[in-house]
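First the structure, in the form of structure tokens, and then the observations on it.
Sequence lines set the chain letters: A, B, ... in the order given, protein chains first and strands last, and positions in each chain run from 1.
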Amino acid sequence: MNVQDKVIAIIAEQAVLEPSDVQLTHTLDDLGIDSLGLVESIFAIEEAFDINVPFNANDPSDSDFDISSVAAIVRAVEGLVKDQANA
Amino acid sequence: MKRVVITGAGTINPLGDTVAKTFEAMREGRCGIGPLEIRDVDRLSIQIGGQVKDYDEHAHFNRQQIALYDRFTQFTLLAARQAMEQAGLNPVGDLANKSGVILGTSGGGLNTQDENYRAVYEEGKNRVHPFIVPKLMNNAAASHVSMEWNLRGPSFTVATACASSNHAMGMAFQMVRSGMATVMVTGGSESMLCFGGIKAWEGLRVMSKDACRPFSATRNGMVQGEGAGVFVFEDYDHARARGAEILCEVAGFAMSSDASDIVMPSKQGAARAIAGAVADAGVAKDAVGYINAHGTGTAANDKTECAAVADVFGAHADRLMISSTKSMHGHLIGGTGAVELLACIMALRDGIIAPTIGYEEPDPECALDVVPNVAREASVNVVLSNAFAFGGLNAVIALKKF
């Protein structure tokens with residue numbers, strides 16, 4: 001499973017949907033994922049990829065981690081995985 | 001002052017997952033204590049407990065709920081559902097605003113703490129699930145009951161060790177009696193049968209390795225249990241107006257502090273709470289037919305409790321019945337008073353006094369009628385439930401037949 005498939009699987013589980021129902025253009029709002037669901041998804045991503053996601057629940061928009069859409073999250077996770085490989 | 005009645009009861013405990021099953025077990029004098037089935041039990045010197053067996057959280061809650069509900073919260077929600085369904089209440093509007101939740105617990109989400117300390121200390125993990133705090137906090141159960149049943153009035157959690165539930169129910173009683181609340185969901189829950197929970201208790205060396213035998217000369221300590229009891233306390237006028245079935249009346253409550261020792265009980269402190277509850281109920285002492293004892297099965301508690309009862313009731317102490325159902329379900333710590341209130345309701349409603357099982361040999365320091373080993377039929381009109389906590393905090397509730 002590549003990064004995109006893994007991230008989509010995590011988000012789908014949180015949204016109680018099939019992975020095939022999650023589109024890259026979806027926002028978390030579209031998928032019905034609230035703030036608690038978001039922090040749980042980020043935890044699951046950290047566990048799955050063994051990375052640290054720079055995300056502050058006090059002000060999500062201020063974080064370096066872009067959560068504006070599924071595609072943005074996938075890109076952000078890909079970046080973190082790459083940084084870790086290079087570190 | 002309002003009269004306060006109980007219109008709903010629910011439970012899950014080592015004797016059963018409903019009130020009816022619990023009554024049946026108490027009538028039969030069945031023991032719910034057995035070998036503990038928990039991780040690392042081989043490293044414990046105490047390996048028995050009153051565990052809720054054959055429990056599958058997935059049968060009651062979905063994955064997202066389980067992420068937020070510690071075992072003590074799950075037990076609470078299951079008991080609260082039974083109680084609210086029996087009461088037939090679905091509070092909305094003004095009633096919701098005047099209805100609340102007060103629950104007792106001592107350890108709160110202790111399993112959640114244990115599992116996550118294990119993860120970061122033993123397994124060296126540097127990350128824990130984001131919901132650990134809302135899952136472990138002592139008020140989680142009260143908050144989830146409030147959310148599930150739209151109870152928007154006074155709600156909080158009481159933690160006074162072994163007296164938590166009785167203090168919680170006492171507060172709920174006073175709020176309904178004063179007119180501050182119309183309906184209060186109250187009781188308590190505990191689930192500390194995990195490695196850390198038992199290990200801490202082992203340290204005190206008051207735990208029995210084989211059985212809980214309250215009042216018996218052969219008693220050798222307490223046995224921990226787990227579970228929840230939840231009740232609906234309701235303004236009598238409100239209950240009557242809607243035609244609710246009334247299980248019994250909550251007649252009185254008193255509490256006291258020994259102000260003497262952090263673990264050793266005091267006869268005077270216990271006696272003041274017992275006498276206070278009888279006085280608060282406005283009944284004569286000789287009207288009390290049954291006492292559900294705190295009866296932990298430790299040397300110190302049982303003899304002190306019997307001495308306090310003898311002091312308060314004088315000659316009547318030899319005529320009333322006093323039993324400890326901890327012999328069957330173990331000591332549910334912060335939830336114990338709630339499950340034990342069921343034995344009081346059974347006594348009033350069914351005329352059956354739950355026994356003290358495991359009783360082997362009389363102790364001259366506990367020379368009362370402890371209803372040894374076999375349940376007894378008897379008609380009683382007023383009953384008490386005692387709880388005396390570590391820290392010397394005592395809370396006694398008086399119930400009356402309705």
**OP:** Check whether A:I42 gets within reach of chain B through its side chain, its backbone, both or neither, counting any heavy atom under 4.5 Å.
**Re:** neither
**OP:** Using a heavy-atom cutoff of under 4.5 Å, enumerate the residues of residues 52-71 of chain B that contact chain A, numbered in order, or state 'none'.
**Re:** B:R63, B:Q64, B:A67, B:L68
Subject >> Inter-chain contacts: residues 109-138 of chain B against chain A, heavy atoms under 4.5 Å >> reply: B:K125, B:R127, B:V128, B:H129, B:P130, B:F131
Original post:
Is the count of non-hydrogen atoms from other residues, nucleotides or ligands lying under 6.0 Å from B:D94 atom CG greater than 12?
Top reply: no
